[in-house]
Number of protein chains: 2
Amino acid sequence: MRNLSPTAKVILGILTLRPRSGYEIKQFVDRSTRFFWTASYGQIYPELRRLEEAGLVEGADEATGDRARTTYQLTSNGKQAVRAWLREPPETYELRHEGMLKVFLADALPPSERAQRLLDMRDQNLAKLEQLRAVEAGIPEESRKGSTYLTLRFGIESSEWAAAWCERAARQVDSDATSRKRK
Amino acid sequence: MRNLSPTAKVILGILTLRPRSGYEIKQFVDRSTRFFWTASYGQIYPELRRLEEAGLVEGADEATGDRARTTYQLTSNGKQAVRAWLREPPETYELRHEGMLKVFLADALPPSERAQRLLDMRDQNLAKLEQLRAVEAGIPEESRKGSTYLTLRFGIESSEWAAAWCERAARQVDSDATSRKRK
DNA sequence: AAAATCATGTAATGGGTTACATGATTTA
DNA sequence: TAAATCATGTAACCCATTACATGATTTT
């Protein structure tokens, strides 16, 4: 069995929770993993078919009248594949962070404008924080546990930390700029 | 002037520091921005030509004997384009984090194995931390300032924070697992 | 003399988003 | 009955990595 494609990883992973259709998988991704692992229809549907062909998932027809619907569940090979993958140490870590790049390059702007790059990055973090808090608000008290909730907490706490860091750094940069001016 | 491609952003940004050849740009990316913005030869060389065609950079022949070498510098249009871009609020923020996905899905494994996903993620952070510390070690005392150094500090401090968070969470998860067993 | 590094480039491939297309069912 | 949502899918792009190709110069 050859390597799982990135999209196969989320799909199989999500199907460990319960069987879902492609449409539902997409919805679930958008509500939960999207902050660290995205997937689009253009990837999900073709991948589901490949996975079925490979014998890792099995589709079941669940049409409602004339509206098509296929839910997929893991086969025993599929379950085994997910567990095997989960046990491997993680490899992929890709980040493309424009806010960070702008902070990195801020010296190309006049001193008075540099701190703003940090405040922009702070705001980016605060916006993310708001989204994550909204997600959390939709989770009933008794469900606030388990792995999925843990990652949400990581998202929230790391955003808070990052926003505070940016704020601090911005103040520093700003006071440097004004003190140098005063001289 | 149409939108800057992702690779154009790093290239133009790096050229604000000083003129460089494609080869040097790649080296610089690998030593500095790679943690939040990558670029490969397959993107850099074609993009440099597109940017020259668009009048944002200008190449100068600096061959050494028979060895070709073209260094590029920003044109005034180019400088203007970078500054304009830097002033826009950042948009791109893409993360693909396998460690996080595995933590998210850890409940698919038996309780005794769940904490390991968090320890793996901690180790990923510690590995990154080590790389960043090595980068820092190569920077002379008097150069430890400015925007570029600031982002390095962010990388270091956020990795430390994340590693500590994972460690804490792993202990929590582990004690949950063993206490539930004891019952 | 060999190995490392400098230097530039392209073709194959992979992975992904976006926009488009289509139509059913449910809700307001 | 109109709008929203459910549901599936594809084609056109875009972006990127990898491997390959080539050869000069510098260091060991």
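For the numbers below, each heavy atom of this structure counts, side chains included, while hydrogens, waters and symmetry mates do not. Letters A, B, ... are given to chains in the order of the sequence lines, protein chains preceding strands, and every chain is numbered from 1. The model shown is predicted, which means the values in this text are computed figures rather than measured ones.
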Describe the nucleic acid contact of [X] in one word from base, sugar-phosphate, nothing, applying a heavy-atom distance below 4.0 Å.
X        : result
Gln27(A) : sugar-phosphate
Gly22(A) : sugar-phosphate
Thr7(A)  : sugar-phosphate

In this structure, how many angstroms lie between the [atom2] atom of [N] and the [atom1] atom of [X], rounded?
X        : N       : atom1 : atom2 : value
Glu94(B) : dT18(C) : CD    : C1'   : 14 Å
Glu47(A) : dT17(C) : CD    : P     : 12 Å
Tyr45(B) : dT17(D) : OH    : P     : 15 Å
Glu98(A) : dC15(D) : CD    : P     : 13 Å
Phe28(B) : dC6(C)  : CZ    : C1'   : 19 Å
Tyr41(B) : dC6(C)  : OH    : C1'   : 8 Å
Ile11(A) : dG15(C) : CD1   : P     : 13 Å
Glu62(A) : dT25(C) : CD    : P     : 15 Å

Given [N], is OP1 or OP2 found less than 4.0 Å from the side-chain N or O atoms of [X]?
X        : N       : result
Ser21(A) : dT8(D)  : yes
Tyr23(B) : dT8(C)  : no
Arg49(A) : dT10(D) : yes

Anything under 3.5 Å between a protein N or O and an N or O of nucleotides 26-28 of chain D, put it in a table, one pair a line.
none

Looking at [options], which one has an atom nearest to any side-chain atom of [X]?
X        : options                   : result
Asp66(B) : dC15(D), dT17(D), dA24(D) : dA24(D)
Gln43(B) : dG16(C), dC15(D), dA7(D)  : dC15(D)
Ser40(B) : dC15(D), dT18(D), dA7(D)  : dT18(D)

(request) For this output row, return yes or no: ring centroids of Phe154(A) and Trp161(B) closer than 6.0 angstrom. (result) yes
(request) Using a strict 4.0 Å threshold on nitrogen-to-oxygen distance, state whether Arg50(B) and Glu47(B) make a salt bridge. (result) yes
(request) Validate the cation-pi geometry between Arg20(B) and Phe28(B): distance from NZ or CZ to the six-membered ring centre under 6.0 Å, angle to the ring axis within 45°. (result) yes
Pairing donors with acceptors under 3.5 angstrom, does anything connect the side chains of [X] and [Y]?
X         : Y         : result
Ser147(B) : Asp107(A) : yes
Glu62(A)  : Thr71(A)  : yes
Trp165(B) : Glu160(B) : no

(message) Which residue in the set Ile11(A), Asp30(A), Thr7(A) passes side chain to side chain contact (heavy atoms under 4.5 Å, CB included) when paired with Ile25(A)?
(response) Ile11(A)
